Amino acid sequence: MAVFGLIDGNAFYCSCQRAFEPRLKQRPVVVLSNNDGCAIARTQEAKSLGIKMGEPWHLARKHPKNRDVIWYSSNYALYADMSQRMYEVLSARVPSVEAYSIDEMFLDLSNLPYDLNDFCKGLRDDIRHHVKIPTCIGWGPTKTIAKLANALAKEDPQYNGLCDLTDPDQRKKWYKRLSIDEVWGIGRKVSEKLKRQGVTTIADFVALDPHHTRSLLTVVGARVQAELKGQSCLGLSDVLQPRKGIVSSRSFGVLLTEWEDIREALALFAHRAAETLRREDLQAAHLSVMMRTNPHNGDPWYAPSASLSIEPTSDTRDLIRIATSLAQPLWRSGFRYAKAGISLNDLRPIHQQPSLFASRSPEKSLALMEAMDAINARYGRDTLRPASTKIQQGWRPRAGMLSPRYTTCLDEILRVQT
DNA sequence: TCTGGGGTCCTAGGACCC
DNA sequence: TCTGGGGTCCTAGGACCC
C-alpha cells in the first residue's frame, strides 16, 4: 500500500534563527515578512502570547504583552540553505523526497521494511542532530491525509510529533471532530460555501455525494474529497518541475509618487527576474507589470497592470525596456504607490532555436549577460548592473533586524571564542 | 417567428498554498 | 510611520476557425 509522509520544520524560520543563537531557546521569537510587515513565523512561546499568523507587526509590537518578543527580518538566504540541508538528510534515508515548500517535504514511505513509527522518529532525530531543526511528521495513504496527520502531530501533544493516519478507523474518529477548514486545499471561500450547505466537519464533507461535490466545487474539490477517502490523486514527484513563472515585486519602504521612482524600481525588479531566468537557463516569452496603491491606508485604490507576449529573451536590457514601456502608460500622477512588480511567464529553455527576426544577436546578448552574471557571482551581487537600476533606492523595503547569513556568506559566519 | 454548433487556443482572474 | 512575496492550478469567456 502506498504511504505518503509529510515532514515539516516547526516554526521553521524561527528555528533557523535559534539554530545559531542559543539565547533564543524558550523565548518568544517571530520572523517578519518582507518590509518587516507581518509575523510569518512564530515560536510556540510567541503563539502562546496570542500573536497570530500574518499579524501586522507594527501593531502587535505595541502590546505590552509582546514586550519581550524577539523579532527578526526574514533572511531567506539562511532559510533556503537550512532547507537544503534538511532535504539532504532526508534524501539519504528515504527512497523518494519531494521538496514541497521551503519547510515541508513529502516522503514516499511505501513498502519500507521498518516500523514506520520508529523510522520516522529516526528521521526527526537525524534532522535535529545534523540541521538543528525540530520537525513533525505525519503519514497516511494520500498526500492530503499526510498533511492532516502532520498538523495533528504538531497540535496534539499526545502524538509527540509523529502521527500515523493509515488506519481508516482512526481517521473516521478525527474526521468527526475536525473542521472542514483544517483540510489542505479547502480555503476561506470554499469552506464558507460548504458551511452554507451545512457541511462543517470533514466527516460531513466526505459523506457528500461525489457528483454533488464535483458540481459544487469543480474537480479541485472532488479531488480533495477522494484524497480524504484514501484514494490517492496526487502523486509524489522527486524531480524538480520546471517553473512556470517568475515574479519580482516589492512593497516600498515609503509611498512613491514620481514615475521616475517607479521606473527605477521596475528596472531593478526586471534585473532580478532576469538573473533568476538565466540561472535556470530560461527565456521569457511573456511579461507583465503591475503597480498599486496601499489597500490599508484609506488612499484611493488604483492597481493597474498590463502584459505582453514578447520575443523570448533573458537579456536584462530587453526586459527593462519592455517593462518600462509597458508600465509608463499605467502610471497616473496623484496616486501614492505602495508596491510594484513584474512577472515573467511562458518560460522556455534558453538554448531553443532563436527567432528569425531576433532584434539583437542572441549570441552576443547571451555572452554579455553571462559575463555580467559571472562577475557578480565572483565579486558580489550588483557589482555590475544596468545603469537604469540606481540602487540608492529611497524606496528600499524596511529590514530592521536582519540576522547574519550564517551559512552562505563567509563574512557573516558564526565566530566561536575559545 | 425561429439566423449553427462545436472545436481550439489564449488570457484574466479567482482560489489556494506556503 | 508601519499590513509580504512567490508560486500553482482551474475556469470562464472571448477570438477565431470550419
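Naming convention: chains lettered A, B, ... in sequence-line order (proteins, then strands); numbering from 1 in each chain. Keep in mind that what you see is a predicted model, and the values were worked out from it rather than measured.
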Basic-acidic side-chain contact under 4.0 Å: A/Asp181, A/Lys195: yes
Output the rounded distance in Å from [atom1] ([X]) to [atom2] ([N]).
X	N	atom1	atom2	value
A/Asp299	C/dC2	CG	C1'	14 Å
A/Met401	C/dG4	CE	P	20 Å
A/Asn34	B/dC18	CG	C1'	14 Å
A/Glu280	C/dG6	CD	P	14 Å
A/Lys143	C/dT8	NZ	C1'	12 Å
A/Trp184	C/dC9	CH2	P	11 Å
A/Gln241	C/dG6	CD	P	22 Å
A/Glu182	B/dC16	CD	P	15 Å

Does [N] have its OP1 or OP2 closer than 4.0 Å to a side-chain nitrogen or oxygen of [X]?
X	N	answer
A/Ser309	B/dT11	yes
A/Lys189	B/dC16	no
A/Ser251	C/dT3	no
A/Arg243	C/dG7	yes
A/Lys339	C/dT3	no
A/Arg223	C/dC9	no
A/Ser249	C/dG6	yes

Measure from the side-chain heavy atoms of [X] and tell me the nearest of [options].
X	options	result
A/Lys244	C/dC9, B/dC17, C/dG4	C/dC9
A/Tyr100	C/dG6, C/dG4, B/dC17	B/dC17
A/Ser33	C/dT3, C/dT11, C/dG4	C/dG4
A/Val219	B/dA15, C/dT11, C/dT3	C/dT11
A/Tyr76	B/dC18, C/dG4, C/dT3	C/dG4

Give [X] one of three labels, base, sugar-phosphate or nothing, depending on what nucleic acid heavy atoms sit under 4.0 Å from its own.
X	answer
A/Gly245	sugar-phosphate
A/Glu104	sugar-phosphate
A/Val31	nothing
A/Leu59	nothing
A/Lys62	base
A/Ser248	sugar-phosphate
A/Ile186	sugar-phosphate
A/Ser307	sugar-phosphate

Can a donor-acceptor pair be found, under 3.5 Å and without considering hydrogens, that links the side chain of A/Ser110 to the backbone of A/Val3? yes
A/Lys47 side chain vs A/Lys52 backbone, donor-acceptor pair below 3.5 Å: no
Tell me whether the guanidinium CZ or amine NZ of A/Arg177 lies under 6.0 angstrom from the six-membered ring centre of A/Trp174 and within 45° of its axis. yes
Is the NZ atom of A/Lys172 crowded by more than 12 outside heavy atoms at less than 6.0 Å? no
Any chance NZ of A/Lys176 has more than 12 other-residue heavy atoms, nucleotides or ligands included, within less than 6.0 Å? no
Using Watson-Crick or G-U wobble geometry with both distances under 3.5 Å, which nucleotide pairs with C/dC18? B/dG5
Candidates A/Val220, A/Ile186, A/Leu208 - the one meeting side chain to side chain contact (heavy atoms under 4.5 Å, CB included) with A/Gln225: A/Leu208
Between A/Val247 and A/Arg398, name the one whose nearest nucleotide on DNA chain C is closer to the 5' end. A/Arg398
5'-most contact on DNA chain C (nearest-nucleotide basis), A/Asn297 vs A/Arg250, goes to A/Asn297
Distance check, P atoms only: B/dT3 and C/dC18, in whole angstrom units. 24 Å
